[in-house]
Number of protein chains: 2
Amino acid sequence: MAGIREIAEMTGLSVATVSHVINNTRQVSKRSRELVEKAIEETGYKPNRAARMLRTQQSKTMAMIIPRVRPGMSTNVFFMDVLSGAKDYLQTKGYNMIVSTYTEEEGEGTDELRDLEVLKQQWVDGILIVPNKKKQTLFADVMESGIPFVVIDRLVTDIPSPCVCSDNVSAAHKAVKLLYDSGKRRIGYIGGSPDSFTGHDRYQGYCDGLAACGLMLDETIVSLSQKHTVRSGSEGAEQLLEHQADAIFVANDVKAVGVLKALNQRGVKVPEDVGVIGFDDYEWMEISSPPLTTIRQSPYLMGQEGARLLLRRIEDPNCTERIVLETEIVRRRSHGKGE
Amino acid sequence: MAGIREIAEMTGLSVATVSHVINNTRQVSKRSRELVEKAIEETGYKPNRAARMLRTQQSKTMAMIIPRVRPGMSTNVFFMDVLSGAKDYLQTKGYNMIVSTYTEEEGEGTDELRDLEVLKQQWVDGILIVPNKKKQTLFADVMESGIPFVVIDRLVTDIPSPCVCSDNVSAAHKAVKLLYDSGKRRIGYIGGSPDSFTGHDRYQGYCDGLAACGLMLDETIVSLSQKHTVRSGSEGAEQLLEHQADAIFVANDVKAVGVLKALNQRGVKVPEDVGVIGFDDYEWMEISSPPLTTIRQSPYLMGQEGARLLLRRIEDPNCTERIVLETEIVRRRSHGKGE
DNA sequence: TTGTATGCGTTATCAC
DNA sequence: GTGATAACGCATACAA
């Protein structure tokens, strides 16, 4: 592999000059520049990242840390899309990316620790992290590491860090409103534990929405469960049915699948008897019967924006820009006739 | 950050000795070893990867190259699971991993080129690649790069490389057999283009299965389409229905979703009128009605084995071990009553 | 069993 | 505008 030295010899210039034209780091005569560029072209020279890294103490590599439900399983598709967005963006800026997952359940894999070691070895220049309330120590470690980071998919206000997330509150609010406009008056809620970030916000939006519609919160038609499973959706639906819900806002499409399943099995007509709105718009929701009305987020964009913010944060350590992405409500059939 | 030098001073030993105990690379007195280990413990010393890399010319980083349908979208869940398996395994061996995606459609993103540059800069010690017939140049570049690689999810026999894949042929064969045992006699096929690797093998297995059951291949109940979409599944189903198929083996669960959708809409009873078997067992297939009988692969294991093979290949450049993973047929309801 | 010294390919600090 | 040259932190050939 050709090195900077060869180029210097070829051109009759010094390594210093060569380095400087490569990095645009000081004035260079036009002639020298052209000479060097030509030589680089001919030799196919590429700077050695390891050497550069050793010298500059930065790796041109970012890390993304995302949760997965349990070891031996991959993370959910939503985060994969976020990842793609971030990766694509960073690539255009000359950065690599490594991805690290952690398990939500406590005490499980000790895997994540090893990754953090890597980060601490000045390997990564920045971190995109999706924190989790159950794994606070990881987040604490990241904060303490001194490595620039931005928080993804959670709105943080208590620490001066940039973040990007969806507007979960208003999304849920909109959903309730739409159900109301479809004539529903006993609008129930099925969602995740409110002490998860998104779970909290969506529940909040649900409550706001009820209030805005002049409806009372009735806890008998609210089902909160940590499990992101089809089954828990079905169970929730059965509970709500017993208490005469005529609409259900499900804060998660996996659960929405369970809800529809339960409803169909019992012969409940959707949306006539019970309106349903989901959250996430996974591709495969097409198949549901009836087609599910759901909230669509922009995971790819979220990744891009997160990456952009991270780069900014590195340049300006005081940057605390917070981006809240709008959601879109995809009207199919399950919500009813409301516009 | 403490360096090897500090440790040498602390212990009164030379850097050489310290280095050697760290790498177990030559005999060291027990006393020295303990001294060094203690010092490392105290200081929290971690070797600097950049320096090590520069010195040894290897990065302790692997790459995984996987397809995605189009730019701006993430790859499918199957490969994400493969990725997790590989990553977890490599992590235990002290390797990092970077993942690179390429788009299947020709001429789209030029993204992948940039990643290949990186690989060629002696960055990665090895590559896990999921090749694609439509993107032969990429694969050719990888082969030519001289970097050790193993092929994932495709059985290669024409080149002396290790690979790991599922036994697609026998999986399809088994599916046909099961449909036959359920009393079906006009067993159709809906799958991907036979000039994709897996598409070819699954179609092959379908034909084998028919033959083994004494059934004739009837092309009017075969639908081949490149598109991995729900819609293409529905279209295929309609075609097959017109030609009196009484069973359908669908070589892909996304399409299976479309098939069920079409069948349900037309009031065709599954499995009584038409038996259906899918391929992949995505988690969300639970929701289908009726529950889908499908072929389950082991993506996570595939990733692990691929990583293991890669490590072996690096040690022994002549290693050409080929692993074919068994599949499991998950009997739910859609196939009929066969055992 | 241990130590000394060199170089991996860059960037950056001087001096010119 | 340009050129020597010293680090960056480690692994290793060679000496002892």
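Hydrogens, waters and symmetry mates play no part in the numbers below; they use all other heavy atoms, side chains included. Naming: A, B, ... by sequence-line order, numbering from 1 per chain.
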*Pick from B:Val82, B:Ile152, B:Leu309: which one makes a side-chain contact (heavy atoms from CB on, under 4.5 Å) with B:Leu128?*
B:Ile152

*Does B:Asn48 place a side-chain N or O at less than 4.0 Å from the phosphate oxygens OP1/OP2 of D:dC8?*
no

*Evaluate the criterion salt bridge (Lys or Arg N to Asp or Glu O under 4.0 Å) for residue pair B:Arg33 and B:Glu37; output intermediate values, then yes/no.*
CA-CA 6 Å; B:Arg33 158 157 283 119; B:Glu37 278 165 353; 3.8 Å; yes

*Kindly say if B:Ser14 contacts the phosphate of C:dT4, meaning a side-chain N or O under 4.0 Å from OP1 or OP2.*
no

_Output the rounded distance in Å from CZ (A:Arg52) to C1' (D:dA7)._
17 Å

*Among the nucleotides C:dT11, D:dG9, C:dG3, which one has an atom lying closest to any side-chain atom of B:Ala16?*
C:dG3

*In whole angstroms, how far is the P atom of D:dG1 from the CD atom of A:Gln27?*
5 Å

_Atom-to-atom span, CD of B:Gln57 to C1' of C:dG7 - whole angstrom_ = 11 Å

*Remember a base hit wins even if backbone is also touched, and classify A:Val15 as base, sugar-phosphate or nothing at under 4.0 Å, heavy atoms.*
base

_Residues forming a ring-ring contact (aromatic ring centres under 6.0 Å, His included) with B:Tyr95, sequence neighbours excluded_ = none

*May I ask you to decide if B:Thr25's main-chain N or O and B:Asn23's side chain share a donor-acceptor pair within less than 3.5 Å?*
no

*asked:* Could you check whether atom NZ of B:Lys38 has more than 12 heavy atoms from other residues, nucleotides or ligands sitting under 6.0 Å from it?
replied: no

*Could you please spell out the steps behind the side-chain contact (heavy atoms from CB on, under 4.5 Å) verdict for A:Gln297 and A:Leu325?*
CA-CA 8 Å; A:Gln297 302 188 74; A:Leu325 264 24; over 6 Å; no

*What's the CG-C1' distance between B:Leu54 and C:dT11, to the nearest Å?*
12 Å

*Is the shortest side-chain N/O distance from A:Thr56 to OP1 or OP2 of C:dT10 below 4.0 Å?*
no

*Euclidean distance, atom CG of residue A:Leu13 to atom P of D:dG3 [Å, nearest integer]*: 5 Å

*If an axis is fit to five pairs at each end of the helix from C:dT1-D:dA16 to C:dC16-D:dG1, what is the angle between the two, to the nearest 10°?*
40°

*Please report, rounded to the nearest Å, how far the P atom of C:dG9 is from the NZ atom of A:Lys60.*
21 Å

*How would you label the contact of A:Thr17 with the nucleic acid (heavy atoms, under 4.0 Å): base, sugar-phosphate, or nothing?*
sugar-phosphate

_What is the distance, to the nearest angstrom, from the CD1 atom on A:Ile22 to the P atom on C:dG9?_
14 Å

*For the residue pair B:Val151 and B:Phe139, establish whether any side-chain heavy-atom pair is separated by less than 4.5 Å.*
yes

*Contact nearer the 5' end of DNA chain D, comparing A:Ser32 with A:Arg5*: A:Ser32

*A:Glu305 and A:Arg308: salt bridge (Lys or Arg N to Asp or Glu O under 4.0 Å), yes or no, with the steps?*
CA-CA 5 Å; A:Glu305 294 290 270; A:Arg308 194 172 58 73; 3.1 Å; yes

*Nearest-neighbour nucleotide for the B:Arg55 side chain, C:dG7, C:dT2, C:dG9 considered*: C:dG7

*Nucleotide nearest B:Ser19 (side chain, heavy atoms from C-beta), chosen from C:dT10, D:dT2, D:dA11*: D:dA11

*Would you indicate what A:Lys30 reaches in the nucleic acid, counting non-hydrogen atoms under 4.0 angstrom: base, sugar-phosphate, or nothing?*
nothing

*Whole Å only: how far is the CZ atom of B:Arg33 from the P atom of C:dT2?*
10 Å

